[in-house]
Amino acid sequence: MMAVEEGLAGVRVLVTGGTSGLGLAMVRALAGAGATVAITGRTAESVADAVEGIGGATGFVADVRDQASVSGLVDAVWDAFGGVDMLVNNAGLGMKTVNPDFMTQPLGFWEIPVDGFRDVIETNLTGYFLVAREVTPRMLAAGHGRIVNVSMNHSTMNRKGFVPYGPSRAGAEALSRIMAADLAGTPVRVNMLLPGGATRTGMLPSGTELPASMQLLDPEVMAAPVVWLASKEAEDVHDERIIATGFEAWRRQRLNP
């Protein structure tokens, strides 16, 4: 595991979908580095389970698909923390929600249920938009802010049998680029962060359904880069697509071009 920097005392972070998988790994890393972290989840039970034992973490029930829920969430976090220095857009649904056997029995796009398609798109793409839309004006008014949009490998976006997950992540990546362009010249930074491969999370089927040759990353691969993106060293980093598995090499190259 890569070393995680310390020194985020006073930094306030909102992590959507922070109750499991990549989100929970990032929450633990950020809180462990001293940040005050707000975690969102759809149920009170999942949020309570996630924050248990994590000092500096506070749970908030919210549905990123719903504008009123998102607005209420941001109001509640601002009231509790006095502001947010970094938003990590992470809440997402995977292929398993529309096809539990997607690894072994992929479905054609025409076989995907419409309600399932909409649910994934509204969570993985519309959710990123709604939360960022609510947070950004407040960050601009505060004179600082960072947004990290969690993404996936391009190969996943184009993979056979991966509608609607692939299009949802491709859309979120395009959204992130446009957000960065719209915010160029402002004090708000936007970057993307992705693991760099298939990761051991609840989005995958159980181990018996996975190819024996598949090498899975641990969710903690996101720890070091997300903590760094919240640090002073990253205050001028903007419109970057950071792959967690190559983070240390990328950072060294950036420091010594």
Side-chain angles (χ1 to χ4, degrees), residues 13-27 39-42 62-67 69-70 73-74 84 86-98 102 109 112 116-136 139 145-159 161-184 188-199 201-204 217 219 221-222 225-226 229 237-245 247:
V13 186
L14 168 58
V15 181
T16 66
T19 61
S20 64
L22 299 180
L24 185 56
M26 290 188 286
V27 167
I39 305 174
T40 79
R42 290 189 185 179
D63 186 343
V64 299
R65 301 169 299 179
D66 182 80
Q67 183 179 357
S69 181
V70 169
L73 163 69
V74 174
V84 168
M86 185 165 84
L87 162 67
V88 180
N89 260 328
N90 169 75
L93 295 177
M95 277 303 302
K96 194 166 70 170
T97 62
V98 294
F102 70 95
F109 66 88
I112 297 299
F117 180 93
R118 286 178 171 154
D119 197 20
V120 172
I121 296 294
E122 288 176 8
T123 303
N124 297 4
L125 175 55
T126 306
Y128 278 25
F129 163 72
L130 289 176
V131 183
R133 178 181 182 273
E134 193 71 29
V135 166
T136 297
M139 288 182 168
R146 304 179 198 186
I147 299 173
V148 177
N149 294 318
V150 173
S151 187
M152 290 292 158
N153 287 355
H154 287 147
S155 59
T156 301
M157 300 175 190
N158 301 300
R159 186 172 178 173
F162 266 59
V163 166
Y165 184 72
S168 74
R169 290 307 192 193
E173 185 147 322
L175 173 66
S176 186
R177 291 294 192 196
I178 295 170
M179 286 168 57
D182 288 348
L183 288 166
V188 179
R189 310 291 185 232
V190 181
N191 294 285
M192 282 181 281
L193 177 61
L194 56 148
T199 312
T201 71
M203 287 190 179
L204 291 177
L217 298 172
V221 71
M222 303 287 273
V226 78
L229 282 167
V237 178
H238 185 65
D239 198 19
E240 294 284 352
R241 185 176 190 269
I242 300 170
I243 302 173
T245 52
F247 166 64

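Tested against Met86, the residues Val226, Leu14, Ile147 include a single side-chain contact (heavy atoms from CB on, under 4.5 Å) partner, Val226.
Within the 4.5 Å cutoff, side-chain heavy atoms of Asn191 are placed close to those of Leu229.
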**OP:** Any chance you could lay out the side chain to side chain contact (heavy atoms under 4.5 Å, CB included) test for Thr16 and Leu87, step after step, and finish with the verdict?
**Re:** CA-CA 8 Å; Thr16 66; Leu87 162 67; 4.2 Å; yes
**OP:** Before giving the answer on side chain to side chain contact (heavy atoms under 4.5 Å, CB included), spell out for Val98 and Phe117 the whole-Å C-alpha distance, their side-chain angles and the decisive distance to 0.1 Å.
**Re:** CA-CA 7 Å; Val98 294; Phe117 180 93; over 6 Å; no
**OP:** Go through the steps to decide whether Ser69 and Arg42 satisfy the test side chain to side chain donor-acceptor pair (under 3.5 Å), and finish with yes or no.
**Re:** CA-CA 10 Å; Ser69 181; Arg42 290 189 185 179; over 6 Å; no
**OP:** Could you check Ile242 against Leu194 for side chain to side chain contact (heavy atoms under 4.5 Å, CB included), going step by step and ending with a plain yes or no?
**Re:** CA-CA 6 Å; Ile242 300 170; Leu194 56 148; over 6 Å; no
**OP:** Walk me through it: do Met26 and Val88 pass the test side chain to side chain contact (heavy atoms under 4.5 Å, CB included)?
**Re:** CA-CA 9 Å; Met26 290 188 286; Val88 180; 3.8 Å; yes
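Counting all heavy atoms, side chain and backbone alike, Ala244 lies closest to Met222 at CB-SD, 4.1 Å. Closest approach of Ile39 and Val27 over heavy atoms only: CD1-CG1, 3.4 Å. Residue Pro164 comes nearest to Gly116 through the heavy atom pair CG-O, 4.2 Å, listed as atom of the first residue, atom of the second, then distance.
The pair Asp239-Arg189 does not meet the salt-bridge criterion, since no charged nitrogen lies less than 4.0 angstrom from a carboxylate oxygen.
Taking CE from Met157 and CE from Met152, the interatomic distance works out to 9.0 Å, rounded to the nearest 0.5 Å. Annotation: the span from Phe102 atom CZ to Thr97 atom OG1 amounts to 9.5 Å, rounded to 0.5 Å. For the atom pair OG (Ser168) and OH (Tyr128), the distance works out to 8.5 Å, reported to the nearest 0.5 Å.
By the neighbour-count criterion of 12 heavy atoms within 6.0 Å, atom CZ of Arg177 is densely surrounded, having more than that number from other residues, nucleotides or ligands.
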